[in-house]
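Here the structure comes first, spelled out in structure tokens, and everything after it is commentary.
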Amino acid sequence: MEPTLESFQELLSSSAGIKTLAEQSSRKGVNVLKTIVSALPWIDKASDLIVPGASLLIKNQIICIDDIERAGDGLAVSDILGLVSSLREEKNCKVLLLLNEEGLGDEREAFRTHLEKVVDQAVRYSPTPAESAAAALDQAHPTEKLLADRTIKLGITNIRVINRIRRFLLFVEPIVKPLHPAVLAETVSAMALLGWAVFEPKLAPDLEHIKRHSGFAAYLRKEDPTEDEVRWNTILDAYGFTHYDTYDEILLAGLQSGGFDNARLLDEAKKLAADQDRTDIQKAINHPWQILGSGFGDDEAAFKQALIDSLDANAENMSLHEADNVISTLRELDDDAEADRLIAHYVAKNAGRTRQFFNLEEHGLRQVPDPKLAAAFETKLREMKPERDPKELLLKIERDSSWNPEDIEFLASLSEQDYEDLLRGLSGSELQRVLKATLRFGRIVDGDAAYRTVGEKTIAALKVIGAGSRLNAMRVKSYIPRVPANSEGGDGVASPGEAA
């Protein structure tokens, strides 16, 4: 007699019928089905009633069992294969098993042991990373093309994992896409690696290992790495992953929680964009010198034009040393007109800088810059008044015998010319009080270098003043002994109270 829905209902109408069901069903198969069915929240305990009948009714069917590797605790692979054997031999069913064998973990050996007894034909589907990326992503889309390149580089073959990473990327892409293109590329690269580690942890590098990884990690370890750590390091190094940073932390939190902190993500992405902008600018500044060092070709015209373009486009971001290199090299190439134009351009583009920028002494140059460039800086420095009045500040310091670090920083930023102008404009007690303050700073040997800078610039200004006339040479001797007198006259010592 073939089982029908009516016969099933009739059996359920009495306790004797239920007992008959239990006896006629395969005990092992029923237990497995019960475990599977009871996992459904809306069935739960009713599985005791439903499963025996369901097992009896299943016959001559095509059955697909998917994701065996994701079976929960209490459902062993051997039990599932036992059910499959029962369905095939006793119920004349065709059963298709779909699974990721690598994901079986400790049960992989048991699966292999029972496989030949239960399965008639096994087909291993092993797509290449490129095939998996092609199946999961539309590579005509620029962002998906970036993701495909990254998943292929990592060797990800699980199409479901690639799709999950892409879905998360959909939330992040609109936030970072308006920024520098390199930020989107960095985002895609980080999400491919971290997403793989989150969604396929048995194959990807361990998350904690990713967080600790750096290019020098292998050299700093005291103990030998494990076999897994060697494999993970090989993957990360080949991928170009150097270190785990705040941006990675934000992306990982979103992947794990299912949602991103958009405000924090945007803030950190903007920092990355600013860093990339600086990198691009430095590349543009260095470009001419790459041409110079690239070989012995006849490319003087290209080199000269690259010099001009680099300063024209990046004047606000060039150091004085870098600008001087461009200008001096143009003079070597007999293009004085372009060198002079670029000096004016450089000064104009940096007109909004502080006086300290135009003070040549603050740049730490190893050699004197191009004379016309130096003259342009000195002219600009004279045009700009100090942010504070050095005279009033020094008189206050001398009177109160107190100051703060900002005072010393300001005084150290003044040029020797500023000190010369200051001293020439003083006389009497004000001159003595200012010199007392500045020269005292020069004698502080244990303090910040800025103290000595104030004293040294004062002495340098006094020497210039003393070299101007025999009388001034006599006057400054009171403050700096052994200053040579003017070549036209003798020497002497002026009273500290005399005017300079």
Side-chain angles (χ1 to χ4, degrees), residues 25-41 43-44 47-48 50-52 54-55 58 61-91 93-129 131-132 135-136 151 154-165 194-210 226-232 234-235 255-256:
S25 300
S26 167
R27 181 174 301 172
K28 191 72 170 179
V30 168
N31 288 339
V32 175
L33 279 175
K34 180 180 176 182
T35 303
I36 296 172
V37 174
S38 62
L40 301 175
I43 293 180
D44 195 16
S47 60
D48 291 337
I50 295 174
V51 169
S55 175
I58 295 174
Q61 300 294 316
I62 297 176
I63 300 170
C64 178
I65 302 177
D66 193 6
D67 288 340
I68 293 177
E69 74 278 5
R70 299 170 68 185
D73 296 336
L75 186 57
V77 169
S78 57
D79 291 341
I80 296 175
L81 292 177
L83 171 64
V84 171
S85 179
S86 173
L87 291 171
R88 189 188 69 171
E89 295 174 4
E90 299 176 15
K91 303 297 183 180
C93 292
K94 301 294 185 183
V95 183
L96 177 66
L97 301 177
L98 299 176
L99 71 151
N100 176 10
E101 187 175 339
E102 286 77 11
L104 290 175
D106 296 337
E107 293 208 80
R108 187 175 182 181
E109 185 176 348
F111 172 76
R112 275 285 158 194
T113 299
H114 293 88
L115 181 65
E116 293 182 1
K117 301 176 182 177
V118 177
V119 176
D120 290 331
Q121 182 176 2
V123 178
R124 178 178 290 277
Y125 177 61
S126 300
T128 66
E131 290 170 339
S132 296
T151 60
L154 287 169
I156 303 175
T157 58
N158 190 316
I159 295 173
R160 179 185 294 142
V161 169
I162 297 173
N163 276 324
R164 292 187 72 181
I165 294 170
L194 298 173
W196 187 33
V198 170
F199 303 135
E200 200 169 24
K202 292 182 179 179
L203 296 182
D206 178 72
L207 272 174
E208 292 305 315
H209 185 81
I210 291 174
T226 65
E227 185 177 332
D228 280 338
E229 287 173 334
V230 171
R231 180 176 66 85
W232 297 334
T234 301
I235 293 172
L255 288 164
Q256 291 177 321

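All values derive from a computational prediction rather than experimental measurement.
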Original post:
Less than 4.5 Å apart, any side-chain heavy atom of Ile235 and any of Leu154?
Top reply: yes
Subject >> Val84 and Ile65, any side-chain heavy atoms less than 4.5 Å apart >> reply: yes
So which heavy atom on [X] is nearest to which on [Y], and how close?
X: Thr157; Y: Pro127; answer: CG2-O, 3.3 Å
X: Arg88; Y: Lys117; answer: NH2-O, 3.8 Å
X: Ile159; Y: Ala136; answer: CG2-CB, 3.8 Å
X: Lys202; Y: Leu104; answer: NZ-C, 4.5 Å
X: Thr151; Y: Pro129; answer: O-CB, 4.4 Å

Roughly how far, to the nearest 0.5 Å, is [atom2] of [Y] from [atom1] of [X]?
X: Leu98; Y: Glu69; atom1: CG; atom2: CD; value: 9.5 Å
X: Ile58; Y: Leu83; atom1: CD1; atom2: CG; value: 7.5 Å
X: Ile63; Y: Leu87; atom1: CD1; atom2: CG; value: 4.5 Å
X: Leu97; Y: Asp67; atom1: CG; atom2: CG; value: 11.5 Å
X: Leu255; Y: Trp196; atom1: CG; atom2: CH2; value: 15.0 Å
X: Thr226; Y: His209; atom1: OG1; atom2: NE2; value: 8.0 Å

**OP:** Using a cut-off of 6.0 Å, state whether more than 12 heavy atoms not belonging to Asp106 lie near its atom CG.
**Re:** no
Subject >> Check against side-chain contact (heavy atoms from CB on, under 4.5 Å), Leu207 and Val198 >> reply: CA-CA 8 Å; Leu207 272 174; Val198 170; 4.1 Å; yes
Subject >> Test item: Ser85 side-chain N/O and Leu81 main-chain N/O as donor-acceptor pair under 3.5 Å >> reply: no
Subject >> Donor-acceptor contact below 3.5 Å, side chain Ser86 vs main chain Gly82 >> reply: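 No; judged by distance alone, with no hydrogens or angles, the pair does not exist.
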Original post:
Sequence neighbours excluded, which residues qualify as salt bridge (charged side-chain N to carboxylate O under 4.0 Å, His left out) partners of Glu131?
Top reply: none
Original post:
What's the verdict on side-chain contact (heavy atoms from CB on, under 4.5 Å) for Phe111 and Leu99, showing C-alpha distance, side-chain angles and the deciding distance?
Top reply: CA-CA 11 Å; Phe111 172 76; Leu99 71 151; 3.9 Å; yes
**OP:** May I have the step-by-step check of side-chain contact (heavy atoms from CB on, under 4.5 Å) for Val230 and Glu227, ending in yes or no?
**Re:** CA-CA 5 Å; Val230 171; Glu227 185 177 332; 5.8 Å; no
